[in-house]
Amino acid sequence: MTKLKNDRFLRALRREAVDRTPVWIMRQAGRYLPEYREIRKQAGSFMNLCTNPELACEVTMQPLRRFDLDAAILFSDILTIPDAMGLGLYFSEGEGPKFKRTVRSASDVAALPRPDPGDSLAYVVNAVSRIHRELDNTIPLIGFSGSPWTLATYMVEGGPSKSYSKVKGLMYEQPSTAHALLSKLADSVTDYLNAQIEAGAQAVQIFDSWGGILSHDKYIPFSLDYMQRIVSGLNAGPDGEQVPVILFSKGCNGHLEAMADSGCQALGIDWTLSLNEARSRVGERVAIQGNLDPAVLQASPDVIRRQVQAALESFGRGHGHVFNLGHGITPDVKPEHLGALVEAVAELSPAFHDRA
């Protein structure tokens, strides 16, 4: 096994001692960076950017040239699997992702193929391989996928929704159809993440962006159970070591204990729950990632620094904390403000750790 020059992030996920709290940022490669906007313009469309491994690699590397981050994350989209299933993903300016075809019946679900990551998703796997080589064992690479429930919401609704009435209606009226769809998606996500791991991803994150729209009694059977199935189906890395899994289930703080028992190594926490409470509830079962409100980055560097200090104090001394936002960075953030956050974590967090 080739040793990483900086394995702080992986050590924190394993709840091992580190010299300071590692930091990476959800959507750290994206529209807030002028160099991203330039390459997006050159690509001609977002999908052209995602499906070109060379450009996806370049975009992944862009924030690493600006900021002293402890992990890279694959630049892609969470809806690649439904697109590979033939639903026709496209993006409307100002409206977000949409599908040309929807899934709303048992026959629709039965007709969905199980994508071969080496075929219809090869562009993602190739991007992972390219990024892994480009990183040259400096920092770890995070692969990712949307959760089955989150993918299903887009597939049934056909795009973003305010009420999610169609997918929730399917769940209540045709639960067997909903479970068949989620089962097929869980198998597909497992294949997809295993392909990313084989290509060089050293950790993976499952984005359950819409788990929080489910009622309390529906979250576990329609979301968490399928993520747990994925976690149990993931392979070890090429070196034979377990690849850490981070579950980020936004708006699901009521299920924190059940999430911690899913077999994952870390939980992403949004800004509506304090790190102190999250840590006290999960104990030593998993690491915790999060949870600064992304809106903090709209404030001045001095305010950002104080908020970083407050987040570090909320988690307290010890291991098992990965610093991140409670959701993705927004496009209107000034890059220098993210720089202030990263610098503050590097400067302030050693006080919360014994020397590793």
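The first residue in the sequence is number 1, and the count goes up from there.
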Asks: Is the backbone N or O of L348 less than 3.5 Å from a side-chain atom of R305, with the two atoms forming a donor-acceptor pair by type?
Replies: no
Asks: Taking E35's backbone N and O only, do any of them form a donor-acceptor pair with Q62's side chain (distance below 3.5 Å, no angle check)?
Replies: yes
Asks: When you look at Y32 and H337, which way does the side-chain hydrogen bond (donor to acceptor under 3.5 Å, both in side chains) test go after all the steps?
Replies: CA-CA 11 Å; Y32 73 102; H337 285 199; over 6 Å; no
Asks: Taking salt bridge (Lys or Arg N to Asp or Glu O under 4.0 Å) as the test, write out the residues that go with E58, two or more places apart.
Replies: R65
Asks: Among the clusters formed by ILVMFWY side chains lying less than 4.5 Å apart, do I220 and I213 turn up in the same one?
Replies: yes
Asks: Keeping the roles fixed (side chain from Q202, backbone from L141), state whether a donor-acceptor pair exists under 3.5 Å.
Replies: yes
Asks: Please check if the distance between the ring centroids of Y226 and W149 is under 6.0 Å.
Replies: no
Asks: Determine, step by step, whether V322 and V23 satisfy the side-chain contact (heavy atoms from CB on, under 4.5 Å) criterion, reporting the C-alpha distance in whole Å, the side-chain angles of both residues, the deciding distance to 0.1 Å, and the verdict.
Replies: CA-CA 6 Å; V322 174; V23 56; over 6 Å; no
Asks: Under 3.5 Å, side-chain donor or acceptor atoms of residues 180-189 against the rest of the protein: list the pairs with distances, not counting sequence neighbours.
Replies:
| from | atom 1 | to | atom 2 | distance (Å) |
| --- | --- | --- | --- | --- |
| S183 | OG | R229 | NH1 | 3.2 |
| S183 | OG | R229 | NH2 | 2.8 |
| K184 | NZ | V109 | O | 2.9 |
| K184 | NZ | L112 | O | 2.7 |
| D187 | OD1 | R229 | NH2 | 2.9 |
| D187 | OD2 | R229 | NH2 | 3.4 |
| S188 | OG | K184 | O | 2.9 |

Asks: Taking the ring of Y90 and the ring of F99, is the distance between their centroids below 6.0 Å?
Replies: no
Asks: Would the H321 and F352 ring centres measure less than 6.0 Å apart?
Replies: no
Asks: Stepwise, does the salt bridge (charged side-chain N to carboxylate O under 4.0 Å, His left out) test hold for K100 with D83?
Replies: CA-CA 10 Å; K100 295 175 183 176; D83 186 48; over 6 Å; no
